There are 2 protein chains.
Amino acid sequence: MDKNVLKFSDLKTTKRRMAILAVLENSALPMTAEEIYSRVINDVHMSLSTAYRTLGTLSEKGILLKNLSQDGKTYYQMNSHQHKHHLVCTLCNSTVPIDDCPLSKIEENLIQQTGFTITGHSLEFSGICPKCSKHSSDAGFND
Amino acid sequence: MDKNVLKFSDLKTTKRRMAILAVLENSALPMTAEEIYSRVINDVHMSLSTAYRTLGTLSEKGILLKNLSQDGKTYYQMNSHQHKHHLVCTLCNSTVPIDDCPLSKIEENLIQQTGFTITGHSLEFSGICPKCSKHSSDAGFND
DNA sequence: TTTTATGCAAAAGATTTGCACAGTA
DNA sequence: TACTGTGCAAATCTTTTGCATAAAA
């Protein structure tokens with residue numbers, strides 16, 4: 001399964017690539033290179049630069065989606081047909097996936113208005129999650 | 001006018017802060033710290049770290065909006081009531097502002113579904129601008 | 001055997017920080 | 001004068017790169 005993904009993109013099948021794909025396939029949320037790296041090295045030896053190189057390659061081939069988040073880190077996720085955006089708590093970093101991507105209609109308009117070919121978009125909401133806002137109001141009441 | 005903005009946020013009025021605000025007020029597009037810095041130093045002496053510190057402070061106070069873009073750089077713009085999103089060409093970096101922000105309805109739904117307080121969002125479209133796509137097809141036809 | 005992937009260490013780029021001095025209120 | 005802002009240089013953090021070696025086709 002994974003092997004085919006790699007072969008199909010003219011990439012050699014290696015332990016490290018398989019391991020990185022396995023980690024991302026089992027993750028519900030996008031992960032940073034560091035996060036992916038530190039999980040993978042539980043199973044196979046690998047250098048951090050290989051993690052970066054592999055993630056870069058897989059993103060170029062369209063196997064992964066690469067996204068710079070407002071927290072300054074780069075997140076990677078499987079490029080499944082149905083991509084997801086997220087709502088991130090600026091206090092505790094808890095993250096909620098957003099089910100439907102509402103941008104396709106908007107993109108159609110943009111194409112007509114600007115003549116651009118649109119190849120992607122990034123969308124991220126930030127806010128305060130219920131737990132954190134509870135805690136802050138607790139604190140406010142010295143409770 | 002600017003002086004009031006600074007006083008209102010308990011910030012001292014300095015030449016450098018005024019200069020940075022002036023640059024951003026006269027810019028139709030968000031700018032990076034480097035871009036702002038290199039314009040400002042035409043008028044007043046200033047170090048790059050002051051530029052970063054000032055931009056950070058003004059963003060914290062809500063006078064500026066700070067945004068990490070998919071190109072890996074951080075962009076700043078005046079926090080006017082009506083913020084803008086952009087469509088950026090991945091080849092030549094030309095940028096088109098998008099007039100209306102279509103996310104408020106979506107945010108309302110999210111608030112109900114997740115219980116988050118939503119404090120902001122980032123949205124950026126990427127694509128190929130008409131010029132660049134013309135050039136690439138020219139190249140394709142060896143023209 | 002030829003091509004591609006990897007490790008290691010060093011480099012790069014953007015941003016932040018410590019500390020002494022200068023400027024504003 | 002008291003407090004805040006600024007310059008400079010060094011530090012930090014994430015990501016990239018050069019080059020020699022190892023692994024895949």
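Each chain gets a letter, A, B and so on, in the order its sequence line appears, and its residues count up from 1. Computed from a predicted model, the values in this text were never measured in an experiment.
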From CG of B:Asp71 across to P of C:dG13 the rounded distance in Å is 15 Å
Between D:dT15, C:dG7, D:dT6, which nucleotide gets closest to the side-chain atoms of A:Leu48?
D:dT15
With the side chain of B:His45 defined as its heavy atoms from C-beta on, choose the nearest nucleotide among C:dT15, D:dT6, D:dG7.
D:dG7
When rounded to whole Å, the CG to P distance for the pair B:Leu68 and D:dT14 reads 13 Å
Of all the nucleotides listed (C:dT6, C:dT3, C:dT16), which has the minimum atom distance to the side chain of B:Lys66?
C:dT16
Between A:Lys66 (side chain) and A:Ser59 (backbone), is there a donor-acceptor pair under 3.5 Å?
no
If only side-chain N and O atoms of A:Thr50 are considered, is one of them under 4.0 Å from the OP1 or OP2 phosphate oxygen of C:dT6?
no
Any side-chain heavy atom of B:Leu103 within less than 4.5 Å of one from A:Leu123?
yes
Whole angstrom value for the distance that separates P of D:dT16 from CD of A:Glu34:
13 Å
Does B:Lys15 reach a base, just sugar-phosphate, or nothing at all? Heavy atoms under 4.0 Å.
nothing
Look at the side-chain N and O atoms of A:Thr74 and state whether any lies under 4.0 Å from the OP1 or OP2 oxygen of D:dT15.
yes
Check this one for me: any side-chain N or O of A:Tyr52 less than 4.0 Å away from OP1 or OP2 of D:dT15?
yes
Using side-chain heavy atoms (C-beta onward) and a distance below 4.5 Å, is A:Lys73 in contact with A:Glu34?
no
Grab the CG-C1' distance between A:Leu6 and C:dA5 for me, whole Å please.
12 Å
Least distance between heavy atoms, B:Leu48 atom then B:Tyr37 atom
N-CE1, 3.5 Å
Has A:Arg53 got a side-chain N or O lying under 4.0 Å from the OP1 or OP2 atom of D:dT17?
no
For B:Thr14, report the nucleic acid contact type (base, sugar-phosphate, nothing); a contact means any heavy atom under 4.0 Å.
sugar-phosphate
Considering non-hydrogen atoms only, spot the tightest contact between A:Arg17 and A:Lys12 and give its length.
NH1-O, 2.9 Å
Pick base, sugar-phosphate or nothing for A:Thr32, based on heavy-atom distances below 4.0 Å to the nucleic acid.
nothing
Rounded to the nearest angstrom, tell me the gap between atom CD in A:Glu35 and atom C1' in D:dC13.
15 Å
Rounded to whole Å, CG of B:Leu55 lies from C1' of C:dA14 at a distance of 13 Å
Would you classify B:Thr57 as touching base, sugar-phosphate or nothing, given that sugar-phosphate means primed atoms plus P, OP1 and OP2, and contacts are heavy atoms under 4.0 Å?
nothing
A:Tyr75 OH to D:dT14 C1': how many Å, rounded?
13 Å
Atom CD1 of B:Ile41 and atom P of D:dG7 are separated, to the nearest Å, by 11 Å
Any N/O donor-acceptor pair, A:Lys73 side-chain to D:dT14 base, under 3.5 Å:
no
Less than 3.5 Å between a donor and an acceptor, one on the side chain of A:Arg16 and one on the base of C:dG7, is that the case here?
no
Judged by atom type as modelled, is there a donor-acceptor pair below 3.5 Å linking the side chain of A:Ser9 to the main-chain atoms of A:Leu11?
no
Looking only at side-chain N and O atoms, does A:Thr13 come under 4.0 Å of OP1 or OP2 in D:dA25?
yes
A:Lys12 has a side chain; which of C:dT4, D:dT6, D:dC8 sits nearest to it?
C:dT4
